[in-house]
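Written out below as structure tokens is the structure these notes cover.
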Amino acid sequence: MKIVRIVLQLLVLYGFLLIGEAIQALLQLPMPGSIIGFLLLFSALLLKIYPLEWIDAGATFLLSFLSLYFIPATVGVVNYGPLFSGKGVLLLPIVIISTLITMAAAGFVSQQIANRSAAQKEES
Amino acid sequence: MAFTSSAIVFSVLTVATYVIANFLYMRFRKTPLNPVITSTVALVAILILFDVPYETYMEGGDWVAAFLGPAVVALAVPLYKHRELLQKNLVPIAAGITAGVVAGLVSGTLFTRWLGFTEELILTVLPKSLTTPVAMQVALTIGGIPSLAAVFVMVAGFTGILLGPYLLHLLNIDSPIGRGIGLGASAHGLGTAKAFEYGPEDASMSSVAMTLAAVLGALLSPLAAWLLL
């Protein structure tokens with residue numbers, strides 16, 4: 001029975017994806033349909049329109065193999081060998097430095113604001 | 001998607017390689033044995049060895065990649081389960097993720113522009129901090145190269161795992177919220193795996209950050225491309 005439930009819930013997830021893609025195409029939005037589907041499902045859960053129990057097993061199952069689904073794409077690097085033997089190799093330090101800047105900004109700002117609001121709570 | 005013999009051969013091959021790669025990772029638990037890296041290296045080697053064009057491989061690869069879209073939708077479930085954590089820390093989380101996403105988009109675009117890369121490559125580097133399925137779809141939407149974007153996402157992830165701890169220590173980022181948001185917003189799923197080593201609160205924060213950064217990044221990437229190019 002668990003398998004039936006998982007399969008049905010996977011179909012529901014696929015349904016949310018199709019609705020997201022339809023909205024994206026209809027409104028010509030510059031973001032992936034899957035993100036629109038994500039926002040729809042998250043809103044439906046928050047507003048208690050759709051109960052967690054009806055999606056939990058399927059979503060958890062699907063996400064437990066998440067890294068499998070993007071392997072076909074990473075294999076596509078086979079077509080870009082020449083890029084990395086030339087100037088393109090500079091893209092690697094760019095990505096590394098930009099990632100560190102991202103981490104520093106996100107970590108520093110969230111910690112500073114969290115500390116400040118904790119201090120305010122203690123004063124009041 | 002095609003129902004050809006290559007479709008069957010290469011989808012089965014991809015899954016089998018992943019299963020073996022996962023087994024190796026579980027057995028030895030070493031970061032460089034990350035199953036995405038080992039599977040990719042093994043499959044690339046097979047394609048080169050047997051002279052198979054990527055397009056032929058993708059007849060099967062497409063079947064595996066078809067799960068990406070529903071998986072992005074499914075990310076709503078873990079985020080919903082963390083909603084109390086999110087509500088309690090809404091302001092620091094939102095501010096930290098916004099700062100990180102904006103810093104990442106701006107620095108990535110400016111560096112690639114200064115070094116004179118083509119617009120297509122700039123747009124490919126842009127979504128590197130987002131979780132792979134979202135980054136690839138964002139790259140596709142704004143005019144980058146999805147498979148190359150996935151490679152940069154991996155580079156970002158490994159930067160987070162290998163250099164992140166030193167950076168966080170250097171900047172005195174030592175709270176679960178600071179570490180979790182920093183790792184999740186910059187290094188997505190790999191960063192979240194690292195955050196698990198600091199503790200469950202770091203991991204929850206990182207998981208929330210990964211999802212929210214992906215959503216915000218998907219919204220802001222087209223804007224960044226339009227403003228900065």
Side-chain angles (χ1 to χ4, degrees), chain A residues 10 13-14 16-17 20 30-35 37-39 41-42 45-46 52 55-56 58-60 62-63 66-80 83 87-88 90-92 94-111 113-115 117, chain B residues 14 18 35-36 39-40 43-44 47 54 61 64-65 67-77 80 91-92 95-97 99-100 103-104 107-108 111-112 115 128-129 132-133 136-137 141 146-148 150-152 155-156 159 164 167 171 173 175 177-178 181-182 185-186 215 218-219 222:
Chain A
L10 290 180
L13 287 168
Y14 198 68
F16 271 96
L17 174 67
M31 68 171 127
S34 55
I35 287 287
F38 161 92
L39 292 172
L41 177 58
F42 188 60
L45 289 169
L46 274 186
L52 179 65
I55 201 73
D56 197 3
T60 307
L62 190 64
L63 289 175
L66 181 60
S67 52
L68 167 65
Y69 319 134
F70 48 77
I71 287 171
T74 54
V75 172
V77 75
V78 74
N79 281 347
Y80 295 96
L83 175 73
K87 182 186 169 190
L90 288 175
L91 289 168
L92 300 177
I94 289 179
V95 169
I96 292 171
I97 295 169
S98 177
T99 300
L100 293 174
I101 293 175
T102 306
M103 187 186 299
F108 188 78
V109 169
S110 55
Q111 178 165 302
I113 294 183
N115 285 347
S117 58
Chain B
T14 305
Y18 177 76
V36 176
S39 304
T40 304
L43 288 167
V44 165
L47 296 193
Y54 179 62
V64 177
F67 289 94
L68 271 179
V72 171
V73 176
L75 287 172
V77 170
Y80 178 72
V91 177
I97 288 168
S107 62
F111 293 159
T112 39
L115 291 176
K128 66 185 182 315
S129 293
T132 315
M136 284 168 43
Q137 299 201 319
T141 312
S147 58
L148 204 51
V151 172
F152 294 138
V155 176
T159 304
L167 181 75
L171 297 175
I173 297 170
S175 60
I177 188 164
I181 300 295
S186 63
V215 176
L219 298 176

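Just so it is clear, the model here is predicted, and its values are computed rather than measured. Note: hydrogens, waters and symmetry copies are ignored here, and every other heavy atom, side chains too, is used. Order of the sequence lines fixes the chain letters, A, B, ..., with proteins taken first and strands second; residue numbering starts at 1 for each chain.
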> So what's closer than 4.5 Å to chain A heavy atoms on B/L167: side chain, backbone, both or neither?
Replying inline: side chain
>> Can you tell me which of B/A71, B/P92, B/A65 forms the most heavy-atom pairs within a distance under 4.5 Å of chain A?
In response: B/P92
>> Which one wins on heavy-atom pair count under 4.5 Å against chain B: A/Y14, A/F16, A/F70?
In response: A/F70
> Top residue by heavy-atom pair count (under 4.5 Å) with chain A, among B/A103, B/G61, B/S175?
Replying inline: B/S175
> Which heavy atom in B/L115 sits nearest to a heavy atom in A/K87, and how many Å separate them?
Replying inline: O-NZ, 2.7 Å
> Is it the backbone or the side chain of B/S107 that comes under 4.5 Å from a heavy atom of chain A, or both, or neither?
Replying inline: both
> Which answer fits B/S129, side chain, backbone, both or neither, if we ask what part of it has an atom under 4.5 Å from a heavy atom of chain A?
Replying inline: side chain
>> Is A/I94 in contact with chain B via its backbone, its side chain, both, or neither, using a 4.5 Å heavy-atom distance?
In response: both
> Based on non-hydrogen pairs under 4.5 Å, which of A/L92, A/V109, A/V95, A/L39 is most in contact with chain B?
Replying inline: A/V95
> Just wondering, more than 12 heavy atoms not from A/F108 lying within 6.0 Å of its CZ?
Replying inline: no
> Minimum heavy-atom separation for A/S110 to B/I181, with atom names?
Replying inline: OG-CB, 3.5 Å
>> Heavy-atom pairs under 4.5 Å with chain B - which of A/I35, A/L13, A/L41, A/L45 has more of them than the others?
In response: A/L45
>> Tell me which of these, A/A59, A/G20, A/P32, has more heavy-atom pairs under 4.5 Å with chain B than the rest.
In response: A/P32
> Is chain B contacted by the side chain of A/Y80, its backbone, both, or neither, given a heavy-atom distance below 4.5 Å?
Replying inline: side chain
> Donor-acceptor pair, B/S39 side chain versus B/V36 backbone, under 3.5 Å?
Replying inline: no
> What is the minimum heavy-atom distance between A/P30 and B/P222, and which atoms define it?
Replying inline: O-CG, 3.0 Å
> In terms of heavy-atom proximity below 4.5 Å to chain A, should B/L47 be classed as side chain, backbone, both, or neither?
Replying inline: side chain
>> Heavy-atom pairs under 4.5 Å with chain A - which of B/T14, B/V91, B/I97 has more of them than the others?
In response: B/T14
>> For A/F38 versus B/V72, what's the shortest heavy-atom pair and its separation?
In response: CD1-O, 3.6 Å
> Of the backbone (N, CA, C, O) and the side chain (C-beta and beyond), which part of B/P70 lies under 4.5 Å from a heavy atom of chain A, both, or neither?
Replying inline: both
> Are more than 12 heavy atoms from other residues, nucleotides or ligands located less than 6.0 Å from atom CZ of B/F67?
Replying inline: no
> Is it true that the side chains of B/T40 and A/T74 contain a donor and an acceptor less than 3.5 Å apart?
Replying inline: yes
> Which one, B/T141, B/V77, B/T132, B/I177, leads in non-hydrogen pairs under 4.5 Å with chain A?
Replying inline: B/T132
> Side chains of B/Y18 and A/S67: is there a donor and an acceptor less than 3.5 Å apart?
Replying inline: yes
>> At a 4.5 Å cut-off on heavy atoms, which part of A/L52 comes close to chain B: side chain, backbone, both, or neither?
In response: side chain
> Which is it for A/T99 and B/K128 under the side chain to side chain contact (heavy atoms under 4.5 Å, CB included) test, yes or no, and what are the steps along the way?
Replying inline: CA-CA 8 Å; A/T99 300; B/K128 66 185 182 315; 4.0 Å; yes
> For chain B, which of A/L62, A/L17, A/V75 has the most heavy-atom pairs under 4.5 Å?
Replying inline: A/V75
>> Tell me which of these, A/L46, A/L66, A/I55, has more heavy-atom pairs under 4.5 Å with chain B than the rest.
In response: A/L46
> Where do B/G104 and A/T102 come nearest, in terms of heavy atoms and distance?
Replying inline: CA-OG1, 3.1 Å
> With a 4.5 angstrom heavy-atom cut-off, which part of B/L219 approaches chain A: side chain, backbone, both or neither?
Replying inline: side chain
> Which atom names give the shortest non-hydrogen contact between A/V78 and B/Y54, and what distance separates them?
Replying inline: CG1-CB, 4.0 Å
